[in-house]
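To start, I am sharing the structure in question, which I have written as structure tokens.
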Amino acid sequence: MSRWYQPHEQWPGHPKAWWRETIALARSAGWHLQRIEGHSWGRIVCDPRADKPCKVLIFSTGVNGESAALTARKKVERCDHLTASDADQLLFRAAGLLDRAEALLEAASRCLEAADKRTEAEELLLGAATAADEAEKLTEALAREADGDRLVVEAFAVLPQGAELGCPPTPAELDVLIVDASAQVDEAEQLADGLPAGDPADGLRGRIQQVRAQVAGLDVRLRRGRDANGSHPA
């Protein structure tokens, strides 16, 4: 089973950093991705409509993966089948901005979920009425804290390059992530304004509205957490 992704769409992430760099380069050059389930992670193709397009098969794991990714990168750079139009370049840039915005929001969301878990743990301990009840609540509270720690680790894992978080993250840091994401969406929208109506530009505009709604939702969650805790939610 496979699925094709166009350059302006959000592509799934590869587990290896060196392949992620090569895949990002191919996407920015206007290549397409065929995602494949199984040992073969996928295939990047310069132009599926061409008679003999440049192709690169990408594996999920395997020996010499970094060397293979470097060879693939050179193939992308040398491909002369495809030259991105001005409109395509706007699409790629806008999609990249939205990718970063979504990664920032995902990190902030997991931090806020972690804060909720810690709050639940505190409330469990405060609600213990007897010694036996306290032991049971302590077990549940420790489980909530473990969930919170896991969510923070996941937040750091999805945090895009250049963004920063402390440990534990503070509300001010989460606010910076959300503001940064909002700025990325604003810039993507400005680029989209220069595109003609129709697909795929309309799909990009729809994605912009979805990400903007995520920004608004997380901003509300952050402010509610501040109001509820009186200090910091994470």
Side-chain angles (χ1 to χ4, degrees), residues 1-104 106-107 157-163 180-181 183-196 198-205 207-208 211:
M1 187 174 181
S2 66
R3 176 189 167 184
W4 282 95
Y5 292 86
Q6 297 183 58
H8 69 278
E9 294 180 305
Q10 184 178 23
W11 289 12
H14 194 280
K16 301 297 183 181
W18 47 81
W19 273 119
R20 289 197 295 270
E21 293 172 1
T22 298
I23 291 168
L25 176 64
R27 181 184 172 197
S28 66
W31 285 44
H32 293 66
L33 169 68
Q34 183 185 19
R35 183 72 169 89
I36 304 171
E37 298 295 335
H39 181 58
S40 297
W41 184 86
R43 179 186 291 109
I44 49 175
V45 182
C46 68
D47 185 356
R49 299 163 299 180
D51 291 335
K52 295 181 179 180
C54 296
K55 302 177 183 179
V56 175
L57 186 63
I58 302 172
F59 292 96
S60 299
T61 58
V63 296
N64 300 323
E66 190 168 2
S67 176
L70 180 59
T71 301
R73 200 173 312 163
K74 292 178 180 177
K75 188 170 185 177
V76 172
E77 292 170 345
R78 293 169 182 166
C79 173
D80 57 3
H81 290 101
L82 189 65
T83 300
S85 67
D86 290 343
D88 285 340
Q89 291 178 18
L90 288 177
L91 280 168
F92 306 151
R93 287 171 56 196
L97 290 165
L98 293 177
D99 288 349
R100 180 176 176 83
E102 288 179 330
L104 290 165
E106 180 67 20
V158 300
L159 195 67
Q161 186 176 6
D180 188 2
Q184 304 292 313
V185 177
D186 288 342
E187 188 173 350
E189 189 167 45
Q190 290 175 0
L191 294 174
D193 287 341
L195 295 169
D199 189 58
D202 289 349
L204 176 70
R205 293 186 180 97
R207 186 180 170 198
I208 287 171
V211 180

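Being a predicted model, the structure only gives us computed values, none of them experimental. The chain is numbered in sequence order, starting from 1.
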Non-hydrogen side-chain atoms of Pro12 and Leu33 separated by less than 4.5 Å: yes

Pairwise distance CD(Glu9) to CG(Leu98) - rounded to 0.5 angstrom: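 These two atoms lie 12.5 Å from each other.
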
Side chain Ser28, main chain Leu25, donor-acceptor under 3.5 Å: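 Judged by distance alone, yes, a pair lies under 3.5 Å.
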
Atom CZ of Arg93: over 12 foreign heavy atoms under 6.0 Å: no

salt_bridge(Arg207, Asp99) N-O dist < 4.0 Å: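 A salt bridge links Arg207 with Asp99.
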
Donor-acceptor under 3.5 Å (Arg205 side chain, Glu189 main chain): no

Passing option when Lys74 is tested against Thr71, Val76, Leu70 for side chain to side chain contact (heavy atoms under 4.5 Å, CB included): Leu70

Heavy-atom donor-acceptor pair, Trp11 side chain to Gln6 backbone, under 3.5 Å: yes

Where Ile208 and Ala192 come nearest, the two heavy atoms and their spacing: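 Heavy atoms of Ile208 and Ala192 come nearest at CD1-CB, 3.8 Å.
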
Side chains of Cys54 and Trp31 in contact at under 4.5 Å (non-hydrogen atoms): yes

Contact check, side chains of Glu106 and Leu159, non-hydrogen atoms, under 4.5 Å: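 The answer is no; the side chains never approach within 4.5 Å.
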
Lys75 side-chain N/O to Lys55 backbone N/O, donor-acceptor pair under 3.5 Å: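 Yes; at least one donor-acceptor contact below 3.5 Å.
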
Contact summary for Gln34 and Ser2, nearest pair of heavy atoms: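 Scanning both residues completely, I find the closest heavy atoms to be NE2-OG, 3.3 Å.
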
For the student: nearest non-hydrogen atoms of Ala201 and Leu195, plus distance: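 In this case the closest contact between Ala201 and Leu195 is CB-CB, 3.9 Å.
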
From NZ (Lys16) to OG1 (Thr22), nearest 0.5 Å: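 If we round to the nearest 0.5 Å, Lys16:NZ and Thr22:OG1 are 14.0 Å apart.
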
Under 3.5 Å: donor-acceptor pair, side chain of Arg27, backbone of Pro7: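 Side chain of Arg27 to backbone of Pro7, a donor-acceptor pair under 3.5 Å: yes, one is there.
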
Beyond-backbone contact of Leu97 with Val185, side-chain heavy atoms, under 4.5 angstrom: no

Heavy-atom side-chain contact between Ile44 and His32 under 4.5 Å: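 Heavy-atom side-chain distance check fails, nothing below 4.5 Å.
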
Minimum side-chain heavy-atom gap Trp18-Ile23 below 4.5 Å: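 Of all side-chain heavy-atom pairs linking Ile23 with Trp18, none is under 4.5 Å.
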
Under 3.5 Å side-chain donor-acceptor pair for Asp180 and Gln184: yes

Close side-chain approach of Val211 to Glu102, heavy-atom, < 4.5 Å: yes

Ile36 side, atom CD1; Arg3 side, atom CZ - distance, nearest 0.5 Å: 14.0 Å

Donor-acceptor pair, side chain of His14 and main chain of Trp41, under 3.5 angstrom: no

Rounded distance (nearest 0.5 Å) linking atom CD1 of Ile58 with atom CZ of Arg20: 12.5 Å

Nearest-0.5 Å distance, CD of residue Gln10 to CG of residue Leu204: 12.0 Å

